Amino acid sequence: MSYVAPLKEMQFVLDELAGMREIRKLAGNEDATEETVAAVLEENAKLMAEVVAPLNRAGDIEPSTWRDGEVRMPPGFKEAFRAFVSGGWQGVQHPTQYGGQGLPKLVAAPCIEMLHSANLSFALCPLLTDGAIEALLTAGTEQQKSQYLPKLIDGTWTGTMNLTEPQAGSDLAQVKARAVAQGDGTYRISGQKIFITFGEHDLAENIVHLVLARTPDAPAGVKGISLFLVPKYLVADGSRGARNDVYCASIEHKLGIKASPTAVLIYGDGKFPVGAQPGAIGYLIGEENRGLEYMFIMMNAARFQVGMQGIAIAERAYQKAAAFAKERVQSRAVEGSPGPVAIINHPDVRRMLMFMRANTEAARAIAYVAAGLFDVAQGAYDATMRTQAAAAYEYLVPIVKGWSTEMSIDVTSTGVQVHGGMGFIEETGAAQYYRDARILTIYEGTTGIQANDLVGRKTARDGGVVAKALLVQMRATAAELGESGSEDLRAIKATLVEAIDGYAAVVDYVVSNYNSDIRSVFAGSVPYLKLAGITHGGWQMARAALAAARKLKAAAGDEDFLRAKIATARFFADHMLTSVPGLGKSIVQGAAGALAIPAESF
Ligand SMILES: Cc1cc2nc3c(=O)[nH]c(=O)nc-3n(C[C@H](O)[C@H](O)[C@H](O)COP(=O)(O)OP(=O)(O)OC[C@H]3O[C@@H](n4cnc5c(N)ncnc54)[C@H](O)[C@@H]3O)c2cc1C
């Protein structure tokens, strides 16, 4: 089996760290019983391991292809997609009213992880569809919802997100696509979008594009962007009608995720004219000029999922590396051995595997905790709790996206290293994980953009209130660790406290210098994101160690698993958390070096 879902670990994080027991008590979550959640995860794991994961390598060798505007997916993808949607997996977290399963985001998170571990390229189609569903749920009219949501949720149709244009990447203020009102409630859309994931494919009968465009009299910049729904085929009486004027001019040849088609889409150039007027038919979502606001809903959902992609690919790379390290025999043990040993016995290989394992577990814990906060923000009975959870979730989104994906590049690269020369050879698959992971820090907002968000909107804007509230919770965990009789837990405490102090100093630095020395603050934005990711990871691993120690004491649970959890938390503290004070210095003192040399001297 090329991928086995880490169900025991997932269940542990759900129950012990992310608050599953409390979340199932919230209004609307009654169906998420212990038995249901366990059954959902097991069924999902089975489908992913047996149907979706085996296509991962095939899709890399035989990527999707373009011909005359049509895109053909690699062999097996269509059947796997049918199995995925007919099992109801697109709808795990979406409302039952539209055919979803209505389960909490916290239950969706491990399902999403398994899907991405199984096949990153394949998983992008459901990822984008989820984003389209979220945007429609938030800003669509009742008619749009009833017309599109059931078909998106049951997989008859899929969704896309059309932001990027050649001149508008990170800077969406530059979007030029045009939308002209027709006076009958529809708009005519024209322009070019690039890099559109699953912008064209043969997995479903229709594609629902969500497109950012400007009306003729819209204000300049982001305040003049509106969001439109533009189906590939128009919808008549609830089913697929005439072809709309959008077509796929080409797809990209890429470093990784080769099975996922990345499309150039041309809107309204008359290839498939609809009536006498030029332009593809589009329908406004929400109000004019509020498009970016709605798109942010979609982007936040997608950013969370891209973070999950990082965790998922790291998990898969770890599984492969661990299996290889047990098989590959090379060199005698440093302490002496009769003959060469499996490389897993060499201390440095063990360190590499622990690096992969600890980082993946830490990032998973942050992401699931964030998903739990999302559910609390939606369903808690107490309004203050809802507001606080929403703020903490928002703060964590750029960390889940930015840190987990940066982490995945390090982890998949280490996976190649564990394989030695074979890692560089495509047959093992380790190289594919590394190549596939490389996009994750770029799309859905580069790491730089996530870090800017963390600094500006999430830290400076509220004077660091949310960050500081999280720091208070971290200190409470540290205090609890200190009360433990375990040497491991006390060692974790010492390192965690240093990291918390370093983090607190950086939050103060960001808040106090944001207005007076903004360039310096932003020069440290990515290191701040990294520092925050590591400290949150260390905090969650410390909580995991505490929970494992409690369970061990109560003789509840698998002893090997629980001991390994404590050891992994200790590794994370000793090898990752220890870097926080250094990162803190580079943020507080490092701007001068980063900005000293003038642009023309490069
Ligand atoms: C495979 C793939 C799939 C994609 N899928 C989609 C999709 O489905 N829909 C869609 O709309 N788009 C999609 N994209 C586009 C993707 O979101 C953009 O590539 C990404 O947002 C970066 O924009 P850019 O490529 O123009 O880079 P640029 O914006 O030109 O960035 C170049 C560099 O400058 C940095 N930079 C730019 N602005 C700032 C700033 N303000 N502060 C600090 N650093 C900055 C960036 O961090 C980056 O390092 C996809 C791209 C790829 C490659």
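We count ligands from 1, going down the list as the structure has it; atoms in each ligand are counted the same way. In this text, all values refer to a predicted model and were calculated from it rather than measured experimentally.
- Note: Y393 and F304 have tilted aromatic rings, judged against thresholds of 30 and 60 degrees for the angle between ring planes.
- Residue pairs satisfying the salt bridge (Lys or Arg N to Asp or Glu O under 4.0 Å) criterion with at least one member in residues 147-161, sequence neighbours excluded, are absent.
- Under the 6.0 Å distance and 45° angle rule, R364 does not count as a cation-pi partner of Y318.
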Can you give the donor-acceptor pairs under 3.5 Å from side chains of residues 522-535 to other protein atoms, not counting sequence neighbours?
| unit_1 | atom_1 | unit_2 | atom_2 | d |
| --- | --- | --- | --- | --- |
| S525 | OG | F522 | O | 3.0 |
| Y528 | OH | Y395 | OH | 2.8 |
| Y528 | OH | T459 | OG1 | 2.8 |
| T535 | OG1 | L531 | O | 2.7 |

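- With respect to the salt-bridge test (charged N to carboxylate O, under 4.0 angstrom), the residues D453 and K401 do not qualify.
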Could you pull out the N/O contacts under 3.5 angstrom between ligand 1 and the surrounding protein atoms?
| unit_1 | atom_1 | unit_2 | atom_2 | d |
| --- | --- | --- | --- | --- |
| ligand 1 | 5 (N) | F195 | O | 2.8 |
| ligand 1 | 5 (N) | T197 | OG1 | 2.7 |
| ligand 1 | 8 (O) | T197 | N | 3.0 |
| ligand 1 | 8 (O) | T197 | OG1 | 3.2 |
| ligand 1 | 9 (N) | M161 | O | 2.7 |
| ligand 1 | 11 (O) | M161 | O | 3.4 |
| ligand 1 | 11 (O) | L163 | N | 2.8 |
| ligand 1 | 11 (O) | T164 | N | 2.9 |
| ligand 1 | 11 (O) | T164 | OG1 | 3.1 |
| ligand 1 | 12 (N) | T164 | OG1 | 2.6 |
| ligand 1 | 14 (N) | F195 | O | 3.4 |
| ligand 1 | 23 (O) | S170 | N | 3.4 |
| ligand 1 | 29 (O) | S170 | N | 2.9 |
| ligand 1 | 29 (O) | S170 | OG | 2.6 |
| ligand 1 | 42 (N) | N452 | ND2 | 3.0 |
| ligand 1 | 47 (O) | T446 | OG1 | 2.7 |

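- Under the side chain to side chain donor-acceptor pair (under 3.5 Å) criterion, no residue pair touches residues 63-81, with sequence neighbours excluded.
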